[in-house]
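Computed over heavy atoms, backbone and side chain alike; hydrogens, waters and symmetry mates excluded. Just so you know, these numbers come straight off a predicted model, no measurement behind them.
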Amino acid sequence: MPKKFLRRYLKARRHQVGSRLPRWLGPLAADPHLFHLNRHSVSVAFFVGLFCALLPLPGQTLIAAPLALLLRCNLPIALALVWITNPLTMAPVLYLTFKLGSWILGTPQLDMAIHFDWAWISQQGRLILLPLVVGGVVAGLLAGATGYLVIRGLWRWTVVREWEARRRKRLPPAGDDRR
């Protein structure tokens, strides 16, 4: 079932997208795992996509693509999940990851009297950057691991449910004594 559900929404096939990848990628572009829909490929793609989505960096897609190539997971899913943090969700995500990083590092509350001069910007940048990066990496690892485990569990649950349905279909009805 997960394979059928995902296949319905992922119209791009390996031969269509693979021809658009740069030639310097060589054997990586021909890797079938980049476009297959199996439990390993999809669950690792969820880890990569969710991890990169919560990194407080510009160009998260440029980080997710090489990670997906390196870990041999589904490239379209990993790249699509990066867009969880879009212009509408970026501010709350950055705020929450900063709060998480501040809590982990034990940094005090910041005085946010705003002065638009270079000294204030560089001072606040030094105070904000470390908690933001630490919070983003920790939140990304937690979200990625959760996504990985949830996809693996859902995939297994669906496969077992389909096995049980096929087994019940093969069994004769109760009370049927054809022997």
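- From Ile77, atom CD1 reaches atom CZ of Phe46 across 6.0 Å, with rounding to the nearest 0.5 Å.
- The salt bridge (charged side-chain N to carboxylate O under 4.0 Å, His left out) test applied to Arg168 returns no partner, not counting sequence neighbours.
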N/O donor to acceptor pairs below 3.5 angstrom from side-chain atoms of residues 98-105, sequence neighbours left out:
from: Ser102; atom 1: OG; to: Phe98; atom 2: O; distance (Å): 3.0
from: Ser102; atom 1: OG; to: Thr107; atom 2: OG1; distance (Å): 3.4

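- Nearest approach of Pro56 to Leu94, heavy atoms of both residues: CB-CD2, 3.8 Å.
- Atoms CZ and CZ, from Arg156 and Arg39 in turn, are 6.5 Å apart once rounded to the nearest 0.5 Å.
- Using a 4.5 Å cut-off between side-chain heavy atoms of Ile, Leu, Val, Met, Phe, Trp and Tyr, with links allowed through other members, Val48 and Val150 fall into different hydrophobic clusters.
- At least one donor-acceptor pair closer than 3.5 Å links the side chain of Thr85 to the backbone N or O of Ala53.
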side-chain contact (heavy atoms from CB on, under 4.5 Å), that's the test. Do Leu141 and Phe47 meet it? Break it down for me. CA-CA 8 Å; Leu141 288 172; Phe47 179 84; 4.0 Å; yes

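- Although no hydrogens or angles enter the test, the distance criterion places no donor-acceptor pair under 3.5 Å between the side chain of Ser41 and the main chain of Leu37.
- Under the 4.5 Å side-chain criterion, counting only non-hydrogen atoms from C-beta, His40 is not in contact with Arg72.
- Seen from the ring of Trp157, Arg161 counts as a face-on cation partner, given the 6.0 Å and 45° thresholds.
- Of all heavy-atom pairs spanning Leu54 and Thr97, the tightest one is O-CG2, 4.3 Å.
- Within the model, atoms CG of Leu154 and CG of Leu149 stand 11.0 Å from one another, a figure rounded to the nearest 0.5 Å.
- Taking all atoms of both residues into account, the shortest heavy-atom contact from Ala64 to Ala78 is CB-O, 4.5 Å.
- If you take CH2 on Trp83 and OG1 on Thr61, they are separated by 5.5 Å, rounding to the nearest 0.5 Å.
- Leu96 is not connected to Ile128 by any chain of hydrophobic side-chain contacts under 4.5 Å among Ile, Leu, Val, Met, Phe, Trp and Tyr, and they are in different clusters.
- Every residue two or more places apart in sequence or in another chain that forms a side chain to side chain contact (heavy atoms under 4.5 Å, CB included) with Leu129 is listed here: Val133.
- Atom CZ of Arg152 sits about 4.5 Å away from atom OG of Ser43, to the nearest 0.5 Å.
- One N or O on the side chain of Thr89 and one on the backbone of Ile84 form a donor-acceptor pair closer than 3.5 Å.
- Interatomic distance, CG of Leu67 versus CG of Leu62, reported as 11.5 Å (0.5 Å rounding).
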Does the side-chain contact (heavy atoms from CB on, under 4.5 Å) test come out yes or no for Ile63 and Phe51, once each step is laid out? CA-CA 10 Å; Ile63 298 168; Phe51 172 72; 5.8 Å; no

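- Transitive grouping of hydrophobic side chains (ILVMFWY, heavy atoms separated by less than 4.5 Å) brings Leu55 and Tyr148 into a common cluster.
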